[in-house]
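Report on one structure; see the data block that follows.
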Amino acid sequence: MTDPGTLGRMPELPEVETVRARLAPVLAGRRFERVEIDDPRLVRPYEPAEVAAELQGERVAAVERRGKYLIVRFESGRSLLIHLRMTGSLRHSRGVLAEDPHRRAVVRLDDGSDVIYRDVRRFGTWLVLEADELGPYLSTRVGEEPLDALFTSARLGERLATRRAPIKAALLDQRTLAGMGNIYVDEALWRARIHPLRPALSLDRNELRRLHRGVRASLEHGIARQGSTLRDYRLPDGASGTMQHEFKVYGRGGEPCDRCGTPIAKTRIAGRGTWYCPTCQAASPQAASSSSSRPARSRRQSSV
Ligand SMILES: [Zn+2]
């Protein structure tokens, strides 16, 4: 059983990709006829009315994704960069809009339909960037695109080669791999049979290969299942994903590991709840002595 109190805090790559795929056919070729932004936090430090006026009249060329960012590219060369953060969601609607205290923005398209942005916790952001600003903005914030054909285990190794941090923390850093969050990092490490506390730079070539495969497999699996429905995440048409029933370790503390039957353990790493199999993902002796003796210590404690 999953524990809703400790579950994912934000949409990750598969969820954002699912939103992108649903939104693209709705938005491509459409003009933003009227834009209402009701929450100053969404576009801070800019004025909502100013940003709305900038967006009005823009025609959509494409809807793309980079890491957890949605990129609405306009024919003018400008882009609208949307980050859903913890609870942001987008819906497409053709009817009359019901009252909703969490609605932060509405875009009326030139076909009469609306795209609605909703955000309970209000951490999401909208940012309008000029053509020459998008590349530099993203390149300082997001690293390798893990599903890109150019992403290889060697490239992963280069990204990790100088990182002494636990692999869990290094993978959560968006400058390592774009779009990985708490859920898919735990899933990828389980697939790769790597302990989440292992120093990132200590992984050998075989482990890097397994991790590369594990990252891709867990993300592709997530996309195939159309993302999770954790917290306030919703698909644009209001439908729900089924991913929350598909996790191998995430949120499954105490349940048997699919591979070996050992109860899944839960700990905290980099301030985040972390789930792993203590048998399949045993810390290597080298990692245990050089960085942290935590696994050994807890074993001693439990035997008292
Ligand atoms: Zn196991």
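Along the sequence shown, residues carry numbers from 1. Every number for a ligand or one of its atoms is a count from 1 in the order of the listing.
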**Study point:** cation_pi(Arg259, Trp190) dist<6.0 Å, angle<=45
**Key:** yes

**Study point:** From Arg159, Glu144, Arg163, residue fulfilling side-chain hydrogen bond (donor to acceptor under 3.5 Å, both in side chains) relative to Thr176
**Key:** Arg163

Check your understanding: Is Arg252 positioned over the aromatic face of Tyr250, cation under 6.0 angstrom from the ring centre and no more than 45 degrees off axis?
Key -> no

Revision key, fill the gap. Excluding water, the protein N, O or S atoms sitting under 2.8 Å from the Zn ion (ligand 1) are Cys257 SG, Cys260 SG, Cys277 SG, Cys280 SG

Exercise for review: Using the ring of Tyr276 (Phe, Tyr or Trp, six-membered ring only), decide whether Arg193 places NZ or CZ under 6.0 Å from its centre and within 45 degrees of its axis.
Suggested key: no

Point to revise | Pair Phe123-His83, ring-ring contact (aromatic ring centres under 6.0 Å, His included): steps then yes or no | key: CA-CA 9 Å; Phe123 289 111; His83 201 304; over 10 Å; no

Point to revise | Approximate separation, where rounding is to 0.5 Å, of Thr274 OG1 and Arg272 CZ | key: 8.0 Å

